[in-house]
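Hydrogens, waters and symmetry mates are skipped; everything else that's a heavy atom, side chains included, is used. Residue indices begin at 1 and follow the sequence shown.
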Amino acid sequence: MRGGGYPLAFPAFTWEVRANDRNYHMQFKKKFAFCLTKKKYAGNAIKTAKYNFFTFLPLNLYEQFHRMANVYFVFVILLQTFPEISTLPWYTLLFPLSCLLTIRGLRDLIDDIGRHQSDRNINSRPCEILSGKSFCRQKWRDICVGDIVRLRKESFVPADMLLLCSSEPSSLCYVETADIDGETNLKFRQALLVTHQELVSEEIMAAFDGEVTCEEPNSRMHSFTGTLEWRGQTYSLDSEKILLRGCKIRNTDVCYGLVIYAGFDSKIMRNCGKIKRKKTKLDRMMDRLVIIIFLVLLVTSLGLAVASGFWARMFQEKHSYLSALYKRTTPAQQAFFNFWGFTILLKQQSLEVIRDQYLTPCPCFFINWDLEMYYAVKDIPAKARSTSLNDQLGQIEYIFSDKTGTLTQNVMSFKKCCINGTIYGDLWRRQRNYHFPYAFSLHHHGEKKLDFCDATLLEAARRDSDPVLREFLRLLALCHTVMVEEKDQLVYQAASPDEEALVLAARNLGYVFLARTQDTITISELGVKRTYKVLAMLDFNSDRKRMSVLVRDPQGTIRLYTKGADTVILERLQRRGPNETFTEMALDRFAEETLRTLCLASKEVSEAEYSVWSRRHREASILLQDRARELDKLYEEMEQNLQLLGATAIEDKLQDGVPETIQLLKLGNIKVWVLTGDKQETAMNIGYACKLTLVSPLKTPEGIGICGDLLQGDPQAESPHRGVGEEAQEGHHAGHWRWGQRCQHDQKHQRAGGHTSRAVQRLRPGTVLLPPAPPACPWSLGIPPHLQVPPLLLLQDLCWSHGPGLVRFPQRIHSSGEGFSH
């Protein structure tokens with residue numbers, strides 16, 4: 001147990017921040033070494049450099065003498081200081097060693113000077129801090145915990161801050177997190193309703209005395225749990241109300257924030273960790289090589305010394321008249337001195353090997369000068385920020401990549417959908433230039449290139465006679481986190497391109513998302529404006545794999561709208577009928593075409609059920625301990641007995657040059673792994689499209705090719721209604737058997753002049769089949785015992801002689817050893 005009675009498994013919520021009260025925070029101290037103390041609340045200045053003026057020489061020498069080559073050099077110099085065994089003056093070896101140490105020291109110094117300059121530039125960035133009753137222009141390093149800071153458009157967030165209010169409606173704030181997670185899509189943060197309504201002037205902000213209680217500083221970038229106490233009321237705080245250091249303010253003129261974590265307490269700095277001495281694989285190999293050379297040298301010198309001792313004794317016995325020359329020495333003493341003499345004489349070859357490792361800093365400049373690595377579109381050349389980068393790049397054996405935004409363009413377009421047992425969008429290519437007489441006039445709301453055109457769906461939406469279709473389109477317009485700006489036309493800002501594609505599809509079909517406040521969403525349904533009151537937003541996360549919104553429509557009816565992965569939506573349906581079965585088949589079909597799929601469902605909620613649930617939700621939302629777990633339980637209770645509305649299919653195209661790049665990497669004997677959360681069929685087809693899985697048919701007597709290996713560790717994931725254990729394994733083997741039967745049927749059908757089935761057509765340039773069984777020796781993957789892996793698909797180029805492989809992780813993996821096998 002920790003102080004305060006909290007279990008070790010949970011963070012202690014002992015971080016207290018008082019607004020506009022620097023003196024309160026300065027009185028707290030904490031121990032950091034023995035009896036030494038420092039301020040509990042860090043300042044905002046950062047220091048990422050390794051050395052300063054006084055520590056550079058000792059620390060750099062300490063690091064350099066961790067290299068065995070330098071230790072060996074010093075050992076040889078020490079031997080040269082003894083006149084009895086010396087072959088050269090000792091300073092003749094000290095000079096080259098000093099040159100080598102100087103070269104490496106200068107390289108480290110140049111790298112560290114760059115860090116000092118970067119620290120200075122960051123700490124000197126301007127900002128506006130509330131001082132007294134007005135904002136004063138100061139620098140980032142002057143910010144303290146509890147300060148209120150004003151941020152303007154295009155400025156970076158200087159510390160982790162609670163968003164208090166902004167110039168946008170409902171106190172929204174748009175941020176870009178490219179410097180944190182590489183994502184260029186805008187994300188939005190929203191202030192509490194109470195601070196949005198009350199903090200309307202600088203005088204009121206100066207009098208603001210709210211107190212935030214939250215978790216201690218940590219490195220969890222996407223989670224925050226805390227509460228704000230102000231005027232006797234307690235308000236729940238989460239990560240959606242926090243601006244992280246390093247974010248950039250976009251599309252928001254002015255916003256105000258209360259500093260929660262500053263400097264090294266901020267989440268991004270907690271993730272940086274301490275700068276440690278890096279040692280590449282080549283460095284470790286050179287250390288081992290030097291040790292081996294030294295041991296071989298000692299053994300060789302010992303053998304020669306022993307032989308010389310025996311020779312000296314024999315020589316003295318045969319030539320007694322020379323005994324006067326050996327009065328002061330014995331054969332053993334001669335052997336001892338000869339041992340060290342041979343060690344010095346044989347050092348030359350080992351020093352030739354050691355010398356080469358000091359030539360590594362030069363090639364990094366060729367990266368900076370490489371014109372083929374220059375990106376002309378954004379005028380960005382390659383920049384090697386470390387002089388040892390060339391060594392590290394040359395030792396890469398594996399590349400781990402995600403799919404979305406890395407292999408694909410991350411530009412989503414709505415392609416197909418299945419609603420109430422009907423698939424729409426199959427004929428869109430033939431209808432692209434077709435004039436739709438019933439198409440909705442969208443010039444007021446803005447237009448975007450339409451990749452989805454289906455006259456039947458447009459006509460059905462216009463008639464508004466199908467209640468399932470109406471709820472489907474209403475869900476697309478309501479269940480999302482997209483923000484809208486109305487300029488000359490509606491402009492949608494979405495953190496996820498998938499959500500933007502779905503909202504645009506609903507708009508093109510007559511259900512237009514118009515506005516959002518903290519507790520309402522306004523949409524236009526076939527020209528009729530309707531405002532829905534948002535009762536609760538059940539957020540998406542990687543464990544839930546779904547999101548929901550609970551709304552009250554203008555008639556007073558409460559409805560829950562849910563969208564998410566088919567594996568989690570289908571198992572929460574109230575019933576399973578023909579439409580549900582057909583939708584599952586449509587999902588498989590969409591996946592075979594490499595489309596991203598989502599299931600949509602809804603249900604009506606009674607007033608009594610909502611009243612009880614709302615009270616429990618309010619209580620759970622202000623908990624400090626176990627808040628997320630309690631909220632998940634409540635979400636799970638609400639998202640039951642759903643009615644399936646349909647499914648959507650979205651396309652995300654590959655980036656230009658991806659297949660060629662992967663081919664070049666594989667020619668360099670680099671193994672490429674790609675993680676994706678898509679369905680198995682989607683992952684397999686994308687793997688083939690980007691040439692991650694090599695399809696090279698093997699000739700059989702019947703002329704049929706066989707491609708790849710399928711390793712399946714989670715049969716239940718393919719069919720969520722199968723049992724676990726033996727039943728799931730039976731389903732797994734039966735699935736392989738059915739593939740074998742399908743393949744035999746296709747072979748016979750093809751020889752009879754027919755066409756192969758879609759399952760075989762989708763993966764082949766010629767003729768390709770999936771094998772009925774996995775290989776006998778799958779790879780092992782080491783996972784720490786505490787790690788839980790979500791259900792993901794892992795495409796892997798195993799470089800086996802018989803082709804590539806596909807690995808599916810089970811839903812939960814616990815490893816007690818060094819690795820596991822699927």
Examine the side chains of K30 and T37 and answer whether a donor and an acceptor come within less than 3.5 Å of each other.
no

Apply the side chain to side chain contact (heavy atoms under 4.5 Å, CB included) test between M483 and each candidate in F513, F188, Y492; give the one that qualifies.
F188

Which atom names give the shortest non-hydrogen contact between E372 and D370, and what distance separates them?
N-OD1, 3.0 Å

Hey, what do you get for CD (Q493) to OH (Y174), rounding to the nearest 0.5 Å?
6.0 Å

Set of ring-ring contact (aromatic ring centres under 6.0 Å, His included) partners for Y24, sequence neighbours left out
F28

Who passes ring-ring contact (aromatic ring centres under 6.0 Å, His included) against H196, sequence neighbours left out?
none

Does any donor atom in the side chain of N271 or S219 lie under 3.5 Å from an acceptor atom in the other side chain?
no

Is there a donor in the side chain of T14 and an acceptor in the side chain of E216, or the other way round, less than 3.5 Å apart?
yes

Can you list the residues that meet the ring-ring contact (aromatic ring centres under 6.0 Å, His included) rule with F540, with sequence neighbours excluded?
none

Under the side-chain contact (heavy atoms from CB on, under 4.5 Å) test, residues paired with D402 that sit two or more places apart:
T406

Non-neighbouring partners of A494 that pass side-chain contact (heavy atoms from CB on, under 4.5 Å), sequence neighbours left out:
V482, E500

Can you see whether N60 engages Q64 through a side-chain donor-acceptor pair at a distance of less than 3.5 angstrom?
yes

Indicate yes or no: does R231 engage E198 in a salt bridge with an N to O separation below 4.0 Å.
yes

Are any non-hydrogen side-chain atoms of I129 and F135 less than 4.5 angstrom apart?
no

Quick one: do E630 and R616 make a salt bridge, cutoff under 4.0 Å?
no

Going by heavy atoms in the side chains, are K241 and L162 under 4.5 Å from each other?
yes

For the residue pair K40 and D265, what are the closest heavy atoms and their distance?
O-OD2, 3.8 Å

Scan side-chain atoms only and decide if E499 and T481 contain a donor-acceptor pair under the 3.5 Å cut-off.
yes

Within the 4.5 Å heavy-atom criterion, are I148 and L164 side-chain neighbours or not?
yes

Residue pair V549 / L478: nearest heavy atoms and the distance that separates them:
CG1-O, 4.0 Å

Does a sphere of radius 6.0 Å around CE in M26 hold more than 12 heavy atoms from other residues, nucleotides or ligands, not counting ones at 6.0 Å or beyond?
no

Not counting sequence neighbours, list each pair that qualifies as a side-chain hydrogen bond (donor to acceptor under 3.5 Å, both in side chains) and has a residue in residues 249-258.
E154-R250, E176-R250

Only counting residues at least two apart or in another chain, list the ones meeting salt bridge (Lys or Arg N to Asp or Glu O under 4.0 Å) with R125.
none

Name all residues meeting the side-chain contact (heavy atoms from CB on, under 4.5 Å) criterion together with K383; count only those two or more places apart in sequence or in a different chain, and write none if there are none.
N368, R385

Do the non-hydrogen side-chain atoms of L130 and D147 ever get within less than 4.5 Å of each other?
no

Determine whether T55 and N52 satisfy the following criterion, side-chain hydrogen bond (donor to acceptor under 3.5 Å, both in side chains), listing intermediate values before the conclusion.
CA-CA 5 Å; T55 62; N52 58 36; 2.9 Å; yes

Distance (rounded to the nearest 0.5 Å) between R115 CZ and I110 CD1:
12.0 Å

Does L624 reach the side chain of T213, with side-chain heavy atoms less than 4.5 Å apart?
yes

Counting heavy atoms not belonging to L371, are there more than 12 under 6.0 Å from its CG?
no

Taking only Lys NZ, Arg NE, NH1 and NH2, and the carboxylate oxygens of Asp or Glu, determine whether E203 and K133 approach each other closer than 4.0 Å.
no

Relative to each other, are the rings of F56 and Y51 parallel, tilted or perpendicular (30° and 60° limits)?
perpendicular

By salt bridge (Lys or Arg N to Asp or Glu O under 4.0 Å), which residues pair with R516, not counting sequence neighbours?
none

Does some side-chain heavy atom of F224 sit less than 4.5 Å from a side-chain heavy atom of C214?
yes

From S118 OG over to D112 CG, what is the distance, rounded to the nearest 0.5 angstrom?
11.5 Å

Is a donor on one side and an acceptor on the other found under 3.5 Å between the side chain of S171 and the backbone of S166?
yes

Test E63 against R104 for salt bridge (Lys or Arg N to Asp or Glu O under 4.0 Å), laying out the working first.
CA-CA 10 Å; E63 291 180 358; R104 278 202 171 267; over 6 Å; no

Centroid separation under 6.0 Å, is that true for the rings of F208 and W230?
yes

Does some side-chain heavy atom of L244 sit less than 4.5 Å from a side-chain heavy atom of M221?
yes

Closest heavy-atom pair, T225 versus L623, reported as atoms and distance to 0.1 Å, is CG2-O, 4.1 Å

Tell me, please, which residues at least two apart from Y235 pass ring-ring contact (aromatic ring centres under 6.0 Å, His included).
none

From L550 CG over to H617 NE2, what is the distance, rounded to the nearest 0.5 angstrom?
9.0 Å

Heavy-atom closest pair, residues C247 and V175:
CB-CB, 4.2 Å

What are the two closest non-hydrogen atoms of S266 and R245, and how far apart are they?
OG-CD, 3.5 Å

When rounded to the nearest 0.5 angstrom, what is the spacing between NZ in K248 and OG1 in T177?
12.5 Å

Salt bridge check: are R629 and D626 linked by an N-O gap of less than 4.0 Å?
yes

Measuring from C173:SG to M161:CE, what's the distance to the nearest 0.5 Å?
8.0 Å

S236 and R627: side-chain donor and acceptor closer than 3.5 Å?
yes

Using salt bridge (Lys or Arg N to Asp or Glu O under 4.0 Å) as the criterion, list what pairs up with E16, not counting sequence neighbours.
none

Would you check if there is a donor-acceptor pair between the side chains of D379 and Y374 at a distance under 3.5 Å?
yes

Just checking, is any N or O donor in the side chain of T531 or T522 under 3.5 Å from an acceptor N or O on the other one?
yes

Does K533 have any salt bridge (Lys or Arg N to Asp or Glu O under 4.0 Å) partners at least two apart in sequence or in another chain, and if so, which?
none

